[in-house]
Chemist: 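Sending over a structure as structure tokens; questions will come in a sec.
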2 protein chains.
Amino acid sequence: MSATLRTTDTTIATAFPWLSSGIIDHVNVGHTIGCTADRVLDRHEHIFLEGEKQTHIYLVIEGVVGTYKLLSDGRRQISTFAYPGDIIGLDTVGEHVNSGEALNRSVIRCIPINSIEKLMRNEPGFGQALLHLTANELADTREQMLSLGRKSAAEKLATFLLRVARRHQAVDRSTGQSNQTISIPMKRSEIADFLGLTIETVSRSFTKFRVAQVIKLVANSEVEILDINRLALIANGDAPNCLH
Amino acid sequence: MSATLRTTDTTIATAFPWLSSGIIDHVNVGHTIGCTADRVLDRHEHIFLEGEKQTHIYLVIEGVVGTYKLLSDGRRQISTFAYPGDIIGLDTVGEHVNSGEALNRSVIRCIPINSIEKLMRNEPGFGQALLHLTANELADTREQMLSLGRKSAAEKLATFLLRVARRHQAVDRSTGQSNQTISIPMKRSEIADFLGLTIETVSRSFTKFRVAQVIKLVANSEVEILDINRLALIANGDAPNCLH
DNA sequence: CGCATAATTGAATTCTGTCAATCGTGGTGG
DNA sequence: CCACCACGATTGACAGAATTCAATTATGCG
């Protein structure tokens, strides 16, 4: 099971690092928000299940967490991959509409819902910040819907790789290099369930890109992007003739 | 072009009828929110385009409005169908991530963004209400992702029909009848672009349901649901053998 | 080093898409 | 009031993309 590292009274700034980084500036980030706890999660350990009452929202501190929905016969649609700095469990107020699961060994910060509600009443800018956050996630989700509904396998994978690359850049913008080697912290089956494909199709698309010199497979979970422009063309369905 | 019916100072209650219906109770709905205008839209008339600066959010008063994203070669993914009472244009703060278009002759109420921002500062509960709204839309969108990514054509259409039926019930719950005849206010091509299918496949799925006595096609835009339980089974992938 | 798990590749099938033709419907004007 | 026309919906035949099933290869952890 999961070990609780520490339980402390926390300030807004500690619980929501992204708030300090300038999205919203009229929040008193020194405000205390009550008890938060950090949890260490093993791979495949669940944080919450679809349908459960929502008691906390969760800030990913380390690792990668996935949220997903299932059909009764086991088909799975992964909704999001959450990286450090991302918040999960905000889907709706009431009960979780997704299950949340660690894809790797992860650390998450658990923030009680009632703290959030109190904060929204006391810090006017805070609700606005959460709205921003949720709205951005909605925008992201809509982008993903375009992939799921209208893109071919290769286009989906290209879109996904660019997404990860952008994300990766955001994490280590310290190294300002452009010919990126990105790490793919999820397995093929998880990519497949995110893109609405099978692992075989994902694998074949990887191979196509490799053969076409668009990427180089350094390892199973490490991809070097050789031609990011081409990748972008493919992602948007603008690749002249190939790779479909 | 569109005719502006009237421009008036409006209260919260007028602009957001759903606020009065009990979601959030600590908002002074008598508060005035500044100038709103009602617009009458013809079929196919646009409200906003993807990428445009977001100046208003819009409350649908009459008709049905669709929001969508395009790929450069014309492939379209419809994100939402908005009915009277729904709000569109909340996707994100900044610029629209979808285009919005009337599917039928519609009336929308245009609410300036700056009113919204002011309201969020002055009425603590209001931001919370918008967060609720956005979170619910996010939950809805995630449900749709499951359809797009993991369901067969028949399952998608069944899911869609149930969705419309639920919506329909909400509208005229005055007539408490159960053997529902629902009106489908969108064309096959719009259903197709919502479900990530072609019009031909949508049409074939309709025919399958008709032959299987699950629905009756009263007219092109009017469906009688004969066996809602069966439809629900199909929608969730639990239909024993058939219709796939 | 070895084994379990993950990824790749191949062959055959299935579902959906594409192209094309026909049918139906609703609205308009004679 | 009816006929016509344009648009939308349906149906059929075929093609193609992705899945399924199966076998092989690679990887990474103990």
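Chain identifiers are assigned alphabetically (A, B, ...) following the order of the sequence lines, protein sequences preceding nucleic acid strands; residue numbering begins at 1 within each chain.
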Chemist: So, OP1 or OP2 of D:dT11: does either fall under 4.0 Å of a side-chain N or O from B:T207?
Modeler: yes
Chemist: Take the C1' atoms of the five end pairs on each side of the helix from C:dC1-D:dG30 to C:dG30-D:dC1, derive the two axes, and give their angle rounded to 10 degrees.
Modeler: 40°
Chemist: Taking atom C1' of C:dC23 as reference, at what distance in whole Å does atom CZ of B:R188 sit?
Modeler: 14 Å
Chemist: Provide, to the nearest angstrom, the distance between the CE atom belonging to A:M186 and the C1' atom belonging to C:dA6.
Modeler: 16 Å
Chemist: Within the structure provided, determine whether A:I191 and A:F81 are in side-chain contact (heavy-atom separation under 4.5 Å).
Modeler: no
Chemist: Output all residues satisfying side-chain contact (heavy atoms from CB on, under 4.5 Å) with A:S221, sequence neighbours left out; order by chain, then residue number.
Modeler: none
Chemist: Just checking, is any N or O donor in the side chain of A:K69 or A:S79 under 3.5 Å from an acceptor N or O on the other one?
Modeler: no
Chemist: Could you check whether any side-chain heavy atom of A:E95 comes within less than 4.5 Å of a side-chain heavy atom of A:K53, counting everything from C-beta outward?
Modeler: no
Chemist: Go nucleotide by nucleotide along DNA chain C from the 5' end; which of A:R150 and A:F206 gets its closest nucleotide reached first?
Modeler: A:F206
Chemist: May I ask you to list the residues of residues 195-205 of chain B, by number, that have any heavy atom positioned under 4.0 Å from an atom of DNA chain C?
Modeler: B:G196, B:L197, B:T198, B:E200, B:T201, B:R204
Chemist: Are any non-hydrogen side-chain atoms of B:I57 and B:I88 less than 4.5 angstrom apart?
Modeler: no
Chemist: Just the rounded figure in Å: distance from P of C:dC15 to CG of B:L148.
Modeler: 19 Å
Chemist: I'd like a table of atom pairs between the protein and nucleotides 25-30 of chain D - only N or O on both sides, under 3.5 Å - with the distance next to each one.
Modeler:
none

Chemist: Just by distance, no angles: are the side chains of A:T80 and A:T67 close enough, under 3.5 Å, to form a donor-acceptor pair?
Modeler: yes
Chemist: Without decimals, in angstroms, what is the distance between B:L157 CG and C:dT16 P?
Modeler: 12 Å
Chemist: Can you list the residues that meet the side-chain contact (heavy atoms from CB on, under 4.5 Å) rule with A:D73, with sequence neighbours excluded?
Modeler: A:L71, A:R75
Chemist: Evaluate the side-chain proximity of B:E137 to A:L138: yes if any heavy-atom separation is below 4.5 Å, no if none is.
Modeler: yes
Chemist: Answer yes or no on whether B:R230 is positioned over the face of B:F209, meaning its NZ or CZ is under 6.0 Å from the six-membered ring centre and within 45° of the axis.
Modeler: no
Chemist: Specify the separation, in whole Å, of atom CG of B:D193 and atom P of C:dT16.
Modeler: 17 Å
Chemist: Quick one: side chains of residues 196-204 of chain B, donor-acceptor pairs under 3.5 Å with protein atoms, not counting sequence neighbours, listed by atom name and distance.
Modeler:
from: B:T198; atom 1: OG1; to: B:T201; atom 2: N; distance (Å): 3.3
from: B:T198; atom 1: OG1; to: B:T201; atom 2: OG1; distance (Å): 3.0

Chemist: What is the nucleic acid contact for B:L217, judged by heavy atoms within less than 4.0 Å: base, sugar-phosphate only, or nothing?
Modeler: sugar-phosphate
Chemist: Take the protein atom CD of A:E190 and the nucleotide atom P of C:dT5, then report the distance between them rounded to whole Å.
Modeler: 15 Å
Chemist: Any chance the rings of B:Y68 and B:F194 have centres within less than 6.0 Å?
Modeler: no
Chemist: Whole Å only: how far is the CD atom of A:E222 from the C1' atom of C:dA7?
Modeler: 16 Å
Chemist: Please state how far atom NZ in B:K151 lies from atom C1' in C:dT16, giving the value in whole angstrom units.
Modeler: 18 Å
Chemist: Hey, does the side chain of A:R210 come within less than 4.0 Å of C:dT9's phosphate (OP1/OP2), counting only N and O?
Modeler: yes
Chemist: Would you indicate which nucleotide in D:dT10, D:dA18, D:dG8 comes nearest to any side-chain atom of B:K187?
Modeler: D:dG8
Chemist: How about A:M145 and B:Q144: do any of their side-chain heavy atoms sit closer than 4.5 Å?
Modeler: yes
